[in-house]
Amino acid sequence: MAHAASVERGAPAKPSLARSAALFVAIGAVLYLALYAWSERLVYRTGDSNPFFKIATAPRSEFDWVVLGASHAMPLDFDDFNAVMERETGLSILNLAATGAGPLYNRFVLEHFLRERGTANLLYVVDSFAFYDGAWNEGRFADVKLLRRTPFDAALAGAFLSYALREGVDWRVPLDYGTGFSKINNPERFRPDRWEGEAQFERTYRPSGAAEARRIEYLFPAMRAGPAELERNLGRFEALLDEARRSGAAVTVVQLPMPASFYRRLPREAEFDAALGARLAARGIRFSDFSGALPEPRHYFDTDHLNRAGATEFFARHLRDLLSAGAPVRDSTAGTQSGRRADRRLMIR
């Protein structure tokens with residue numbers, strides 16, 4: 001009898017424990033959401049080079065030119081250089097290039113840009129290394145440095161999931177993006193989101209065979225990919241070109257200048273040029289190969305990226321006329337891109 005009474009008195013303890021656990025989980029969820037919101041706010045306060053940040057904060061809906069590619073295209077947006085090009089041409093230009101970005105990642109960027117914005121022209125800066133290894137394609141999605149700086153967008157979350165299902169992107173990428181895990185745990189959360197190469201924009205490269213060999217090894221890791229990998233990524237590139245043209249954009253593909261000593265080290269370059277040229281010719285797309293336009297090291301800040309002097313020379317001799325010959329913007333929208341960084345800072349205050 002006493003034992004039964006004891007059991008009855010102890011029975012209410014279970015619901016109480018469940019309530020405590022639920023309260024603990026609820027408090028944890030609220031704290032996590034608060035951290036997520038704070039981290040998201042920091043993405044906008046410190047954002048700069050991430051292509052999705054640029055899309056989210058672009059001051060206009062229609063552009064004359066959008067630039068895609070990997071790090072070789074990024075110096076065209078270093079410091080005030082994009083503003084210089086806009087002022088010299090009278091055109092609006094949005095540079096969405098990202099370090100190590102191959103055709104799959106660039107297609108992902110373009111698709112998101114075209115959901116809400118438009119461009120009359122697309123300039124794709126092509127690099128052969130980005131077609132020979134999955135690390136520069138599906139692998140780029142898993143780079144926490146990119147995920148940490150990518151603003152949250154419901155449509156983008158769905159796109160990450162779609163690419164995980166269809167394109168071989170790691171399933172942890174949409175999970176990370178949706179939960180904001182990398183943003184919350186970003187050790188560089190208070191630093192501006194700028195590639196370290198921008199700090200060297202005024203530097204002049206001193207040739208080094210050892211540095212060039214290391215760079216080639218990094219870009220082409222043992223060239224382990226066979227023809228199948230090249231074909232797969234050329235197919236992804238063709239899908240990007242088709243997406244751009246369906247939107248009404250005129251497409252131009254270029255290869256930017258490189259130092260002569262570095263260019264000679266590129267493996268399988270003739271094979272790549274032939275494969276790329278055949279696909280572009282089939283679509284009637286303009287290709288301009290400027291790889292030998294500035295062979296001197298004085299035009300670069302490292303083994304293969306243009307410095308300010310090189311970018312200025314390249315723009316004056318080649319790029320200004322190429323951009324000016326593009327199709328006119330389809331819709332004149334108020335605002336200019338030349339004050340992009342200042343405008344973004346005002347938008348997030």
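The analysis underlying the following values was restricted to heavy atoms, covering all of them including side chains, and did not include hydrogens, waters or symmetry mates. Remember, predicted model here, so these are calculated numbers, not experimental data.
A salt bridge between Asp143 and Lys145 is absent, with no side-chain N of the basic residue lying under 4.0 Å from a carboxylate O of the acidic one. Under 4.0 Å is where a charged nitrogen must lie from a carboxylate oxygen, and between Arg215 and Glu212 no such pair does.
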Derivation of the side chain to side chain contact (heavy atoms under 4.5 Å, CB included) call for Ser71 and His305: CA-CA 8 Å; Ser71 62; His305 294 96; 2.7 Å; yes

Would you please test Val254 and Phe287 for side chain to side chain contact (heavy atoms under 4.5 Å, CB included) and show each step? CA-CA 6 Å; Val254 301; Phe287 176 60; 5.8 Å; no

**Prompt:** Should Glu86 and Ser92 be marked as a side chain to side chain contact (heavy atoms under 4.5 Å, CB included) after you check the CA-CA gap, both sets of side-chain angles, and the distance that decides it?
**Reply:** CA-CA 6 Å; Glu86 290 185 319; Ser92 56; 4.2 Å; yes

(request) Kindly determine whether Glu138 and Arg236 satisfy side chain to side chain contact (heavy atoms under 4.5 Å, CB included), including the steps that lead there. (result) CA-CA 11 Å; Glu138 57 268 28; Arg236 290 165 163 175; 2.8 Å; yes

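Between Phe52 and Phe160, the ring-plane angle classifies as tilted under the 30° and 60° cut-offs. Using cut-offs of 30° and 60° on the angle between ring planes, the pair Phe272 and Phe131 is tilted. A tilted orientation is assigned to the rings of Trp195 and Phe78, their planes being inclined by 30° to 60°.
Atom OG1 of Thr150 sits about 9.5 Å away from atom CD of Glu40, to the nearest 0.5 Å. Rounding to the nearest 0.5 Å gives a distance of 11.5 Å between CZ of Arg140 and CG of Asp133. Remark: Glu313 CD to Leu319 CG distance equals 12.5 Å, nearest 0.5 Å. The distance from the CG atom of Leu76 to the CD1 atom of Ile93 is 9.0 Å, given to the nearest 0.5 Å. Note that CD of Glu198 is 7.5 Å distant from CE of Met74, once rounded to the nearest 0.5 Å. Taken to the nearest 0.5 Å, the CG atom of Leu266 stands 5.0 Å off from the CZ atom of Phe220.
A donor-acceptor contact shorter than 3.5 Å is absent between the side chain of Asp127 and the backbone of Gly69. Using modelled atom types, no side-chain atom of Lys54 and backbone atom of Leu94 make a donor-acceptor pair closer than 3.5 Å. Between the side chain of Asp64 and the backbone N or O of Asn121 there is no donor-acceptor pair closer than 3.5 Å. Without hydrogens or angle criteria, Asn233 side chain to Glu229 main chain gives a donor-acceptor distance under 3.5 Å. Asp48 places no side-chain N or O within donor-acceptor distance of the main-chain N or O of Arg194, the cut-off being under 3.5 Å. Formation of a donor-acceptor pair under 3.5 Å by the Tyr218 side chain with backbone atoms of Ala213 is not found in this model. Side chain of Asn186 to backbone of Glu188: a donor-acceptor contact under 3.5 angstrom is found. Without hydrogens or angle criteria, Glu202 side chain to Arg308 main chain gives no donor-acceptor distance under 3.5 Å.
Counting heavy atoms from C-beta outward, Ile55 and Asp153 have side chains that stay 4.5 Å or more apart. You'll find the side chain of Tyr132 stays beyond 4.5 Å of the side chain of Pro267, heavy atoms only. At a threshold of 4.5 Å between non-hydrogen side-chain atoms, the residues Pro297 and Phe262 do not count as touching. When side chains are defined from C-beta on, Phe181 does not count as touching Leu147, because their heavy atoms never get closer than 4.5 Å. In this structure the side chain of Asp304 reaches within 4.5 angstrom of the side chain of His72, judged on heavy atoms. At least one side-chain heavy atom of Leu123 sits less than 4.5 Å from a side-chain heavy atom of Leu322. For the pair Phe141 and Asp170, the minimum side-chain heavy-atom distance is 4.5 Å or more. In this structure, Asn50 and Pro151 have side chains that are in contact, with non-hydrogen atoms separated by less than 4.5 Å.
Counting non-hydrogen atoms of neighbouring residues, nucleotides and ligands closer than 6.0 angstrom, the OH atom of Tyr32 exceeds 12 such neighbours. Taking a 6.0 Å sphere around CD of Glu271, one finds it holds more than 12 heavy atoms contributed by other residues, nucleotides or ligands. Atom CZ of Arg166 sits in a crowded spot, with more than 12 heavy atoms from other residues, nucleotides or ligands closer than 6.0 Å.
The two residues Gly100 and Ala70 come nearest to each other via the heavy atoms N-CB, 4.0 Å. Closest heavy-atom contact between Phe315 and Thr89: CZ-CG2, 3.8 Å. Taking both residues in full, the closest heavy atoms of Phe53 and Thr57 are given as O-OG1, 2.7 Å, listed atom of the first, atom of the second, then distance. In terms of heavy atoms, Ala56 sits closest to Arg117 at O-NH2, 3.8 Å. Minimum interatomic distance between Ala159 and Phe108 (heavy atoms only, all atoms of both residues): CB-CE1, 3.5 Å. Shortest non-hydrogen contact noted between Thr204 and Arg298 is CG2-CA, 3.7 Å.
Linking ILVMFWY side-chain heavy atoms closer than 4.5 Å, directly or via other members, places Leu122 and Leu114 in a single hydrophobic cluster. When the side chains of ILVMFWY residues are joined at heavy-atom separations under 4.5 Å, either directly or via intervening members, Leu146 and Tyr163 end up in a single hydrophobic cluster. Tyr105 and Leu234 fall within the same hydrophobic cluster, where Ile, Leu, Val, Met, Phe, Trp and Tyr residues are linked whenever their side-chain heavy atoms come under 4.5 Å apart, directly or through other members. By the criterion of side-chain heavy atoms lying less than 4.5 angstrom apart, applied directly or through intervening Ile, Leu, Val, Met, Phe, Trp or Tyr residues, Val173 is grouped together with Phe152 in one hydrophobic cluster. In the hydrophobic clustering of ILVMFWY residues, with side-chain heavy atoms under 4.5 Å counting as a link, Ile285 and Leu110 come out together.
Checked by atom type, the side-chain pair Thr46/Asp193 shows no donor-acceptor distance below 3.5 Å. Gln255 and Tyr263 share no donor-acceptor pair across their side chains, judged by distance under 3.5 Å alone.
Arg245 is linked by a side-chain hydrogen bond (donor to acceptor under 3.5 Å, both in side chains) to nothing, counting only residues two or more places apart in sequence or in another chain.
Across Glu167, His112, Glu243, a single residue satisfies side chain to side chain donor-acceptor pair (under 3.5 Å) together with Arg107, and that is Glu167. The side-chain contact (heavy atoms from CB on, under 4.5 Å) test with Leu280 is passed by exactly one of Val126, Thr252, Leu241: Leu241.
Applying the side-chain hydrogen bond (donor to acceptor under 3.5 Å, both in side chains) rule to pairs touching residues 273-284 yields Glu231-Arg279, Glu238-Arg283, Asp242-Arg283, sequence neighbours excluded.
For the pair Arg317 and Phe314, the cation-pi test (distance below 6.0 Å, angle within 45°) is failed.
Between Tyr124 and Phe237, a ring centre-to-centre spacing shorter than 6.0 Å is recorded.
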